[in-house]
Engineer: 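Quick one: the structure is below, and I'll ask about it shortly.
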There are 2 protein chains.
Amino acid sequence: MNSDTGVNLPALRNHNAALVLDLLRTAGEEGASRLELADRTGLTPQAVSKITARLREEGLVAEAGYRASTGGKPRTVLRLVPGAAHAVGLHLDRDELTAVLVDLSGVIVAANVVPLDLGAGAEVVMEVAAGEVAALTSRPLLGVGVAMPGPLDHAAGVPHRVTGFPEWDGFPLRDALARRLGLPVVLDKDTNAAALSIALSGAGGDSFGYLHLGTGLGAGLVLGGAVYRGARTGAGEFGHQTVQLDGPACGCGGRGCLEALCLAAVARGDLDEAARVLGAGAANLVKLLDIDRVLLGGRVVAGAAEPFVRGVRAVLAERAERAGEAPVPVALADGSPDPVAEGAAQLVLAPVFGR
Amino acid sequence: MNSDTGVNLPALRNHNAALVLDLLRTAGEEGASRLELADRTGLTPQAVSKITARLREEGLVAEAGYRASTGGKPRTVLRLVPGAAHAVGLHLDRDELTAVLVDLSGVIVAANVVPLDLGAGAEVVMEVAAGEVAALTSRPLLGVGVAMPGPLDHAAGVPHRVTGFPEWDGFPLRDALARRLGLPVVLDKDTNAAALSIALSGAGGDSFGYLHLGTGLGAGLVLGGAVYRGARTGAGEFGHQTVQLDGPACGCGGRGCLEALCLAAVARGDLDEAARVLGAGAANLVKLLDIDRVLLGGRVVAGAAEPFVRGVRAVLAERAERAGEAPVPVALADGSPDPVAEGAAQLVLAPVFGR
DNA sequence: CCACTTAAGCAACGCTGTTGCCAAAGTGCA
DNA sequence: TGCACTTTGGCAACAGCGTTGCTTAAGTGG
């Protein structure tokens with residue numbers, strides 16, 4: 001709940017309803033009983049009964065069987081109704097567009113991938129995007145989430161200086177696409193969308209960094225359970241941190257950038273060195289933000305997962321041992337075929353669950 | 001408002017009351033009218049009237065004159081009553097203890113500095129601390145905030161492995177001192193306390209990094225208006241980021257740490273190089289977290305402010321220019337004689353204002 | 001002097017979660 | 001089989017929150 005604004009009764013009601021929905025989403029197939037929800041929320045069982053009654057009336061929640069009795073009346077299991085709402089996620093990458101349709105529980109119901117030239121201009125891209133949305137479903141949608149390479153402004157829904165495609169600079173993509181589709185549209189960086197999808201899957205814990213090694217090297221940050229975007233959606237510029245003062249020049253104009261060193265090692269086939277360099281950056285991130293976990297993804301990592309996970313893990317383990325702490329776990333982000341497209345759809349679902 | 005828990009009517013009431021108090025704190029001497037508060041909170045004027053009536057009954061808020069009329073009845077100015085509550089902040093440094101008494105508005109009412117050997121053991125330090133608290137005031141206190149060098153656990157109130165003083169490891173300082181004083185005690189890292197005091201002063205904007213260059217090099221982070229501590233109060237480990245792969249060895253066992261390079265430059269009198277190295281670390285921080293501002297403090301910076309501010313500013317300006325962005329402002333954190341002690345006291349006041 | 005504007009309180013209200021009570025639906029022992 | 005007990009969950013009454021509608025207070029300006 002926004003701590004900068006006053007809270008009145010409708011806001012309170014929405015907050016508690018969203019909280020209950022989020023708990024039911026997390027519970028998944030297993031569901032949760034009214035008393036379990038009361039325990040988790042700190043509300044009284046009667047309040048939970050009233051809230052879930054409203055949610056059942058709206059069709060978002062349904063009763064689904066009973067728990068085993070523990071000596072008295074068995075608990076009634078409540079579950080989210082996955083089909084109650086749907087959202088579309090679009091992943092605009094440099095050379096292809098991935099579109100997914102997800103239900104309320106976040107499960108991918110339908111998906112499609114088509115070639116796309118991100119440099120072909122906004123009109124062409126919007127045409128393709130609108131076609132893909134229409135092709136996925138004729139059902140009413142909650143909205144459409146769009147994820148693309150940064151930099152961009154999440155709050156305003158406008159890309160800036162997308163690397164290599166100056167024609168996107170300042171184009172009001174969110175509003176233009178929303179008008180065209182007649183639906184709410186949310187825009188975010190690809191790495192943030194991926195981080196959101198990992199956060200909702202629970203694989204990252206309460207706070208983690210998702211390091212994406214593909215064409216470039218970026219990061220999505222989840223701090224305290226929420227995607228951290230910074231003041232201007234600029235957070236997560238991980239690749240252009242200096243790890244070698246006065247080191248080799250980088251395309252960004254700087255020297256000794258992590259991305260340049262890491263990708264140079266990849267280019268010459270020295271994956272161990274690439275992983276070691278990446279591990280140094282990950283260690284900087286872990287120290288600065290005290291996160292619970294580091295997750296790796298992106299095309300380069302997907303192509304050679306083992307050396308990267310092992311190499312980054314080794315660097316973090318060595319530093320943790322010297323400090324006498326437990327090492328921060330390192331894992332592959334492999335929960336979804338396209339975490340970016342999935343996360344894009346979840347940008348739309350997130351407000352329903354108070355996120 | 002905690003987004004992980006349900007909200008009932010008393011919680012809602014507390015939230016709105018704290019929000020109004022926070023706005024009045026920010027308004028300071030100038031105060032705010034009921035309608036201005038209504039605008040800022042999004043609540044109706046009548047709701048604000050009820051909330052402020054309760055706060056006036058409790059003695060936390062008082063009417064204080066009128067605004068000029070704008071064509072009708074003039075607005076009544078409301079102000080925080082500074083003397084309504086007090087808190088003590090203790091800054092435990094390696095060789096001295098600073099104690100301050102602050103009122104509800106955050107103003108330092110009394111202060112004292114005494115020598116202290118942090119290595120003399122918990123009993124001796126607690127004895128001195130209790131004496132200083134008693135010497136500052138006989139008034140009832142809201143509580144005592146304690147700030148000391150890390151690492152430590154803010155949530156549990158326990159120091160771990162305070163650099164150079166292994167005898168503190170695991171001593172339950174917060175609870176022991178609370179029992180001895182009969183008052184609530186809050187424990188935090190010195191850099192976090194300083195960051196809190198800067199955040200409340202408004203000098204840092206919504207998100208900033210406070211870089212403290214003293215015996216070591218640490219940082220306090222404020223993200224989205226709140227001090228960011230990370231999962232285990234470990235956030236802000238800024239000095240041991242790698243900025244020189246395979247560089248010179250650091251006391252921490254790593255190589256090419258920012259702290260080692262920066263302090264080595266200071267030791268040989270090359271402040272420009274120290275500032276340049278610090279600037280590289282600051283640039284990494286700014287890129288990763290997209291913060292609004294960088295603030296510098298600590299003994300070393302206080303002794304030679306100009307070269308550090310200039311040097312760090314130059315690095316950030318150069319990088320911003322290459323990226324075509326506005327540079328992130330760099331300034332000296334000079335709002336308080338001891339931001340750490342002041343922030344320690346504000347650790348106690350913060351919950352009153354919903355922070 | 002009077003019409004108008006703006007601020008702020010009073011009273012009634014709708015809606016929130018809470019409390020007290022009761023019915024439903026199990027378990028376990030005699 | 002019967003009965004005491006435990007546990008779940010709904011019904012009804014309730015206290016307390018911010019909101020709405022209206023009135024009163026206290027200014028400005030022609």
Side-chain angles (χ1 to χ4, degrees), chain A residues 1-2 5-21 23-24 31-58 61-79 354, chain B residues 1-2 4-21 23-24 27 31-58 61-79 354:
Chain A
M1 190 159 279
N2 189 333
T5 58
V7 180
N8 53 20
L9 291 174
L12 175 150
R13 172 187 172 144
N14 283 340
H15 171 85
N16 287 344
L19 183 62
V20 167
L21 281 175
L23 289 172
L24 289 174
S33 77
R34 290 172 179 78
L35 286 176
E36 288 157 18
L37 293 172
D39 252 14
R40 297 277 207 86
T41 57
L43 296 172
T44 60
Q46 183 60 23
V48 172
S49 275
K50 285 191 177 181
I51 292 165
T52 54
R54 288 196 296 262
L55 293 173
R56 284 195 298 154
E57 258 183 41
E58 294 171 40
V61 167
E63 298 193 341
Y66 302 91
R67 293 252 190 279
S69 166
T70 58
K73 178 175 174 178
R75 302 180 171 188
T76 311
V77 175
L78 297 170
R79 277 216 292 258
Chain B
M1 189 159 279
N2 191 332
D4 282 8
T5 59
V7 181
N8 53 20
L9 291 174
L12 175 150
R13 171 186 172 145
N14 283 340
H15 171 84
N16 287 344
L19 182 63
V20 167
L21 281 175
L23 289 173
L24 289 174
S33 78
R34 289 170 179 78
L35 286 175
E36 288 157 18
L37 294 171
D39 251 13
R40 298 276 208 86
T41 56
L43 297 173
T44 60
Q46 184 61 20
V48 172
S49 275
K50 285 193 177 181
I51 292 165
T52 54
R54 289 197 295 263
L55 294 173
R56 284 196 298 154
E57 259 183 39
E58 294 172 37
V61 167
E63 298 194 342
Y66 303 90
R67 292 251 191 279
S69 167
T70 58
K73 177 176 174 178
R75 300 179 172 189
T76 311
V77 175
L78 297 170
R79 277 217 292 258

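Computed over heavy atoms, backbone and side chain alike; hydrogens, waters and symmetry mates excluded. In what follows, chains carry the letters A, B, and so on, assigned in the order in which the sequence lines appear, proteins first and then strands, with residues in each chain numbered from 1.
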Engineer: Taking only nitrogen or oxygen atoms into account, show me every contact under 3.5 Å that the protein makes with nucleotides 26-29 of chain D, one pair per line with its distance.
Structural biologist:
| unit_1 | atom_1 | unit_2 | atom_2 | d |
| --- | --- | --- | --- | --- |
| dG27(D) | N2 | Gly71(B) | O | 3.1 |

Engineer: Taking only the side-chain nitrogens and oxygens of Arg13(A), find out if one of them lies under 4.0 Å from OP1 or OP2 of dG18(D).
Structural biologist: no
Engineer: Of all the nucleotides listed (dG18(D), dA8(C), dG17(C)), which has the minimum atom distance to the side chain of Arg75(B)?
Structural biologist: dA8(C)
Engineer: Without decimals, in angstroms, what is the distance between Ile51(A) CD1 and dC15(C) P?
Structural biologist: 16 Å
Engineer: Round to a whole Å and report the spacing from CG of Leu55(A) to P of dG17(C).
Structural biologist: 11 Å
Engineer: Quick check for you: among dA12(D), dT19(D), dG16(D), whose closest atom lies nearest to any side-chain atom of Leu9(A)?
Structural biologist: dG16(D)
Engineer: From the options dG9(C), dT19(D), dG17(C), select the nucleotide whose nearest atom is closest to the side chain of Ala47(A).
Structural biologist: dG17(C)
Engineer: Ignoring backbone atoms, establish whether Asn16(B) has a side-chain N or O less than 4.0 Å from OP1 or OP2 of dG18(D).
Structural biologist: yes
Engineer: Which one, dG17(C), dC17(D), dA8(C), comes nearest to the side chain of Leu12(B)?
Structural biologist: dC17(D)
Engineer: Grab the CG-C1' distance between Leu19(A) and dT16(C) for me, whole Å please.
Structural biologist: 15 Å
Engineer: Please find the pair of heavy atoms, one from Leu37(B) and one from Ala32(B), that lie closest to each other, and give the distance.
Structural biologist: CD2-CB, 4.0 Å
Engineer: Over how many whole Å does the gap from Asn14(A) atom CG to dC17(D) atom C1' extend?
Structural biologist: 16 Å
Engineer: Rounded to the nearest Å, what distance is computed from the CD atom of residue Gln46(B) to the C1' atom of nucleotide dT24(D)?
Structural biologist: 13 Å
Engineer: Is Thr44(A) close enough to dT18(C) that one of its side-chain N or O atoms is under 4.0 Å from OP1 or OP2 there?
Structural biologist: yes
Engineer: In whole angstrom, what separates Lys50(A)'s NZ from dC15(C)'s C1'?
Structural biologist: 9 Å
Engineer: Send over the distance from Arg67(A) CZ to dG9(D) C1', rounded to a whole Å.
Structural biologist: 15 Å
Engineer: Indicate whether OP1 or OP2 belonging to dG18(D) is found under 4.0 Å from a side-chain N or O atom of Arg54(B).
Structural biologist: yes
Engineer: Kindly point out which of dG18(D), dG9(D), dT18(C) is positioned nearest to the side chain of Asn8(B)?
Structural biologist: dT18(C)
Engineer: Tell me which residues in residues 31-39 of chain B lie within less than 4.0 Å of DNA chain C, going by non-hydrogen atoms.
Structural biologist: Arg34(B), Leu35(B)
